[in-house]
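No hydrogens, no waters, no symmetry mates; every other heavy atom, side chains included, goes into these values. Protein chains get the first letters and strands the later ones, always in sequence-line order, with residue 1 at the start of each.
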Protein chains: 2
Amino acid sequence: MNTREFKEKIYGEFAKVGKSLSSPKRLELLDLLSQSPKSVESLAKATNMSIANTSKHLQALLEAQLVTFSKERNYVYYQLASESVLKLSLALRDVAEERLAGIEETRQRFILRDNEVEAITIEKLIEKVKANTVTLIDVRPAEEYESGHIPNARSIPVTELQDHLEMLPKEKGVVAYCRGPYCAYATEAVEYLRMKGYEAWVLDAGTNEWMQLFGKESIK
Amino acid sequence: MNTREFKEKIYGEFAKVGKSLSSPKRLELLDLLSQSPKSVESLAKATNMSIANTSKHLQALLEAQLVTFSKERNYVYYQLASESVLKLSLALRDVAEERLAGIEETRQRFILRDNEVEAITIEKLIEKVKANTVTLIDVRPAEEYESGHIPNARSIPVTELQDHLEMLPKEKGVVAYCRGPYCAYATEAVEYLRMKGYEAWVLDAGTNEWMQLFGKESIK
DNA sequence: ATAACATTCAACTAAATAGTTGAATAGATT
DNA sequence: AATCTATTCAACTATTTAGTTGAATGTTAT
């Protein structure tokens, strides 16, 4: 083996991982799996793909070893293979956010509803939680909350919010978070809560961003 | 814009970055550029590609904003656009190393010459440098050394090693490093030095790995 | 056993990609 | 002005990829 052959082998291996990140749909799958393990069916629904196509993309991720799966009843549950895969996905997002101007603008428009909805940072959240002036709610599906969540958050899936307003004292503000800065659930929750007369903010982060700051143990 | 359109837009943008990482040749280009800015010609030579193909891959990286360029005389020098791009490239390598068994095995065989060549870690290097029992040499091309190097390293490009043995006292060991754990220059240097009677090791890291540990300022 | 269900597989099409070749461009040198 | 040099561009080919459709597999419930 000469140097060129060596490089072709090594970069060929690296590219197996790289190729996994080259499709928008696979990136979306990885993001969903970073919240909690999921069945093929639920991933297909969430990404608006056919079951067969979803399965094929998952096979590609499996081939590159970015995911693993386990079978339960007649479902197959996929999950991220390790924390390094999460870090890779966040590193890719960092680059895209920093380098591609369209992203921030689109988020501003859709997630923040052109400033109709106000975001707060993790630092501000911590202040407000310490001062006991806000309730923190996790509006993702319950199983994602159970799989790991920000400390002191209460689980109220956005689909059930209207039935659980009694959990939210009106004299306190509300901070809602969901899958991360590009997930719309928290925005929907905040819009609803403001309509009901609450002071409410979206957190510009999710469980994974929290974990990057405070460690794996902090979200258990 | 509804949620699906938003996701398609956002993940479409993320995938622009992802697509850049899907070709072995582009990953190799990014790795080379992580050492120092380089001309199209020198990148073509180093990657064994035609000039035209190299240029085309660089255009792709430019489109995704992972690199920038500057013109000087009749050369075009490309460079990484920011540190976040370096972090992404290292995160991808981490995943590949952790998940794909073939990589470690191939490195063992080619870089460590099936254990004919011994590697040491950064921690061990620091001990040895403190104890003053080794000379640390940077065997990359001189301009890469000048663009940033590990503290206390001396620059002896591997191509000039045989003419500069006087810089290496025989009573001390030698640690050689180059572009990182998958670069063969340090291996070649160590093989030569051992033949000449030195005790010599390759460092299992390069300037970028050092920088991740000790910060940007540490390599100036 | 049979039916229902979740997932995978195989065959196919349309589109995107990597690479080649040769020409075009544009700055520097003679 | 003419020539040389580094790079880019355009046209083309072979290969890979994303997605669809419909059938096959294998587990669970009736």
#### Entry: side chain to side chain donor-acceptor pair (under 3.5 Å) partner of B:Thr207, chosen from B:Gln212, B:Glu144, B:Arg140
B:Arg140
### Task
Using distance alone, with no hydrogens and no angle criterion, decide if B:Glu8 and A:Asn48 have a side-chain donor and acceptor under 3.5 Å apart.
no
### Query
Going through the distances and angles, do B:Asp31 and B:Arg179 end up as a side-chain contact (heavy atoms from CB on, under 4.5 Å)?
CA-CA 8 Å; B:Asp31 260 10; B:Arg179 289 167 175 161; over 6 Å; no
### Task
Measure distances between side-chain N and O atoms of B:Lys71 and base N and O atoms of C:dG27, and say whether any donor-acceptor pair falls under 3.5 Å.
no
### Task
May I ask you to evaluate whether B:Tyr78 reaches the phosphate of D:dT8, defined as a side-chain N or O under 4.0 Å from OP1 or OP2?
yes
### Query
Starting at OH of A:Tyr77 and ending at P of C:dT8, how long is that distance when rounded to a whole Å?
13 Å
### Message
Using five pairs at each end of the helix from C:dA1-D:dT30 to C:dT30-D:dA1 to define an axis, what is the angle between those two axes, to 10°?
### Response
20°
### Query
Which whole-number value in Å describes the distance from B:Ile51 CD1 to C:dA23 P?
17 Å
### Query
Out of C:dT8, D:dT20, C:dG22, which nucleotide sits closest to the side chain of A:Gln59?
C:dT8
### Message
Please determine whether salt bridge (Lys or Arg N to Asp or Glu O under 4.0 Å) holds for the pair A:Lys16 and A:Glu63, giving the CA-CA distance in whole Å, both sets of side-chain angles, and the decisive distance to 0.1 Å.
### Response
CA-CA 8 Å; A:Lys16 286 184 190 171; A:Glu63 189 114 359; over 6 Å; no
### Query
Think B:Arg73 has a side-chain N or O under 4.0 angstrom from the OP1 or OP2 of C:dT29?
yes
### Task
Nearest whole angstrom, please: distance from the P of C:dT8 to the CE of A:Met49.
13 Å
### Query
A:Leu58 CG to D:dT17 P: how many Å, rounded?
17 Å
### Query
Hey, is the side chain of A:Ser55 poking within less than 4.0 Å of OP1 or OP2 on C:dT8, counting only N and O atoms?
yes
### Task
Mind checking A:Thr54 for me? I need base, sugar-phosphate or nothing, with any heavy atom below 4.0 Å counting as a touch.
nothing
### Task
Write down the distance between OH (A:Tyr11) and C1' (C:dA18), rounded to a whole number of angstrom.
19 Å
### Summary
Here the distance between atom C1' of D:dG19 and atom CG of A:Leu29, to the nearest Å, is 14 Å
### Message
On DNA chain D, does the nearest nucleotide to B:Tyr75 precede the nearest nucleotide to A:Ser50 from the 5' side, or the other way round? Give the residue.
### Response
B:Tyr75
### Message
Suppose we call two aromatic rings close when their centres sit under 6.0 Å apart. Are B:Tyr182 and A:Phe14 close by that rule?
### Response
yes
### Interatomic distance where CG belongs to B:Leu27 and C1' belongs to C:dT17 [whole Å]
15 Å
### Query
Which nucleotide in the set D:dT8, D:dA18, C:dT7 lies at the smallest distance from any side-chain heavy atom of B:Val76?
D:dT8
### Task
Indicate yes or no for a side-chain donor-acceptor contact from A:Ser89 to the backbone of A:Val85 under 3.5 Å, with no hydrogens or angles considered.
no
### Task
Would you mind telling me which of C:dA28, C:dT8, D:dG19 lies closest to the side-chain atoms of B:Asn74?
C:dA28
### Message
Which is more 5' along DNA chain D, the nucleotide nearest B:Lys56 or the one nearest A:Ser22? Just name the residue.
### Response
B:Lys56
### Query
For A:Ser39, which contact category applies under a 4.0 Å heavy-atom criterion: base, sugar-phosphate, or nothing?
sugar-phosphate
### Message
So, OP1 or OP2 of C:dA18: does either fall under 4.0 Å of a side-chain N or O from B:Arg26?
### Response
yes
### Task
Tell me which nucleotide among D:dT7, C:dT20, D:dG19 gets nearest to the side chain of A:Asn53.
D:dG19
### Message
In this structure, how many angstroms lie between the C1' atom of D:dT7 and the NZ atom of B:Lys45, rounded?
### Response
16 Å
### Query
B:Glu98 and A:Ser84: side-chain donor and acceptor closer than 3.5 Å?
yes
### Message
For B:Glu116, is there an ion pair with B:Arg109 - N to carboxylate O distance below 4.0 angstrom?
### Response
no
### Query
Would one find a side-chain N or O of A:His57 under 4.0 angstrom from OP1 or OP2 of D:dG19?
yes
